[in-house]
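Fair warning: this is a prediction, and the values are worked out from it, not measured in the lab. Counting starts at 1 for both ligands and their atoms, in listed order.
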Amino acid sequence: MTTINRATTLDVEGEVAVLTLDNPPVNALSHVLREGVAAGLEAAVADPAVKAIVLICAGRTFIAGADIKEFGKPIAAPTLQDLQDRIEASGKPVVAALHGTSLGGGLELALACHYRIASPSAKVGLPEIKLGIIPGAGGTQRLPRMVGLPRALDMILTGTPMGAASAVTLGIVDELAAGDLRSEAVRLAAAIVSDGRPLRRVRDETARLGDADVEAALSAARERHGRKMRGFESFEKAMEAVANAARMPFDEGLAREREIFAELLGGTQSRAQRYVFGATRAVAKIADIPVDTPTRPIGRVGIIGAGTMGGGIAMNFLSAGIPMTIVEQSQEALDRGTGIIARNYAASASKGRIRPEDVDKATGLLSPSLEFSDLSDCDLIIEAAFEEMEVKKAIFERLDAIARDGAILASNTSYLDIDAIAAVTRRPADVLGMHFFSPANIMKLLEVVRGRQTAKDVIATAMKIGRDIGKTAVLVGVCHGFVGNRMLSARQREANKLILEGAMPWDVDRVLTGFGLPMGPFQMADLAGLDLGWNRETSKGETIRERLCEADRRGQKTAAGFYDYDEARKGSPSPLVEEIILQKSREDGFERRAIGDDEILERLVYPMINEGAKILDEGIAQRASDIDVVWINGYGWPVYRGGPMFYADTIGPHTVLEKMREFEARMGEDFAPAPLLERIVRDGGSFTGAA
Ligand code: 3H9
């Protein structure tokens, strides 16, 4: 075996040279690897005893793409395209042996090889769009030549990897390896030589594109993926690049692909999306809790409360194969809860999201009960009862009496003080918050709330179980509303003021959806129900919301709230609501004025950023990027804007500060700048260091 460099070795077996790449953790195509491949290929091509070459990776995966950490720096030779050119020019067949995830530049390198063989569990994909870019090493030109425009568009526009079996069916991979990948690849390479099989160069092929109806393929792709990709610059650019495969000769298409790639890579959206990639991985790292902190085993989970929230939370554990006990106070409430779980699963199954047999498996793990004491064998108990401190305290006192030693006691409270809840137990170290977001079976975010006394292994366990059930778990500290809802409150306060001062709810919502959020505050309120926490007896018409409830406009469920709803639940502006708002404005002494879209956006977003700065300063969030992960996963903040704190950095913290000062002078203390915002501007710093 010859060592080519620290990431590459060359081994000759009979007539086949095996070039093994080893660049942990995911064999990203960093400079050392590109150098190794170039030198290894050169040595193998020059060796007269070698008749064929196998490219294979050590470790958990074939190349998972270009090295994201090298983006933005000058690319040192040899480039990925240099490697592809060498392979395509080689008179000796080159076989790529794929396992794990062959992604982005990794798959693009494999597509330039003459043949591909894969382990049955391998996945292949071009996920560049998730980083705000397009494939930049021929992926948009070679893939359509292999699979035709419609398939290539689907793969490149979604970035979703596909399994090896489908890749074989589509012709992306030539063979599945029945046994050991390396020996199977060597066998294939030797067979190519002995059978005199042609050296396939995908770049030269046109058969799949000859009569392609480019416009039809593009409009079908736009139809399928356009809505989800609204606002993403990379979407139309990726379509253009793929269409070029049918419109231009290979080299021209390749040159245009490189231009688009470079343009997107230098743009704010890709910077934001690459930042989010890192931010999402950083949340797992906790300063004073090492990653190898032992966690407590969780064999059975208990939930108190089978309402919408409790039921949604339960589904996460059931789907992950964890047995559950769910407790309610009355048979009726219990039946309603288990009924909702069954209906949600049936809906998922009918949409093909889950197999019917998996539904049976999941629901079979659920033990509904009316007996609190049935929670005594649970390792983690999550309280999802009514959001009132006295209710929570009473439950935790009872839990303390029956839960087994070492059980973790969690509250799903959205706002309340975990320390006050923990204080009613004799085991505050075992208590923490696990705040799920509605609908809890779908939303990715989980805020893990660390109390003053919560033990480190309890936090480590909650973070781990969060990941096990497919959530993005973010550690936060105790304060009113934690990270997400505390910032949301600042936004909601301004939204409510704006409609009294001169805007209409549909103006506010339009500005936020135009910014990229899935819905605005008033659409969100209508969806959740305006009567949450409202009481007809005590209602005094003091807020617009109260007046709407009094008029029996309680949101989507009554087909009327801030908006009027048709049978398809499509909302339209309501003249009646307009009248109610104008009336309330008059009563409160507002002289209504036209409020521009820019001011609406600034009034909604800058106070959130300001609140985020306070949250950071108080140590409620570990880092600015954690706040951004909360907003992306819990509230649909557009990833191409990177989260509120990253957004602040892109427009400049000084822009936020100046506006906050101006608003403070005009409208008072709600806009008082956070000390951290002032310090950052004074020191010329930034929140994330990444924009
Ligand atoms: C591209 O290829 C452009 C080309 O078209 C054109 C070029 C000219 N680079 O996710 P994990 C790190 S664009 C550098 O926790 P998993 C990651 O940060 C690229 N580092 O593991 C983490 O580090 P840490 C197209 C990378 O098993 C560690 O590896 N490719 C890269 O859950 C483990 O990652 C992609 O977009 C990278 N490319 O998932 C693939 N990838 O431990 C992006 C990962 O310090 N990667 N790291 O936090 C993934 O989707 C997942 O990481 C993968 C493994 C599925 C591979």
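The distance from atom CE of Met443 to atom NZ of Lys471, rounded to the nearest 0.5 Å, is 8.5 Å.
In the vicinity of Glu128, heavy-atom distances shorter than 4.0 Å reach the ligand 1 atoms 1 (C), 2 (O), 3 (C), 4 (C), 5 (O), 13 (S). Atom numbering of ligand 1 starts at 1 in the shown order; those under 4.0 Å from a heavy atom of Leu131 are 13 (S), 19 (C), 36 (O). Of all atoms in ligand 1, listed by their number and element, those nearer than 4.0 Å to a heavy atom of Lys69 are 14 (C), 20 (N). Interface atoms of ligand 1 facing Ala28, defined by a heavy-atom separation under 4.0 Å, are 9 (N).
Contacts of Ala314 classified as side-chain contact (heavy atoms from CB on, under 4.5 Å), with partners at least two apart in sequence or in another chain: Ile303, Met324, Ile326, Ile341.
Considering both main-chain and side-chain atoms, Gly104 never comes within under 3.5 Å of ligand 1 through any nitrogen or oxygen pair. Residue contacts with ligand 1: Pro135 is placed with no nitrogen or oxygen under 3.5 Å of a nitrogen or oxygen of the ligand (distance criterion only). Residue Leu103 places no N or O, backbone or side chain, under 3.5 Å from any N or O of ligand 1. At least one N/O-N/O distance between Ile68 and ligand 1 falls below 3.5 Å.
Annotation: ring-ring contact (aromatic ring centres under 6.0 Å, His included) contacts involving residues 232-276, sequence neighbours excluded, comprise Phe232-Tyr640, Tyr275-Phe646.
Residue contacts with ligand 1: Arg60 is included, with a non-hydrogen atom under 4.0 Å away. Ligand 1 lies less than 4.0 angstrom from a heavy atom belonging to Lys285.
Glu205 pairs in a salt bridge (Lys or Arg N to Asp or Glu O under 4.0 Å) with only one of the listed residues (Arg142, Arg200, Arg145), which is Arg200.
Here the protein heavy atom with the shortest distance to atom 38 (N) of ligand 1 is Ala66 O, 2.8 Å. The single protein non-hydrogen atom nearest to atom 47 (N) of ligand 1 is Val26 CG2, 3.8 Å, given as residue, atom name and distance.
Heavy atoms of Glu108 found under 4.0 angstrom from ligand 1 belong exclusively to the side chain.
Between atom 56 (C) of ligand 1 and the options Gly159, Ala64, Ser102, Gly139, the minimum heavy-atom separation is to Ala64.
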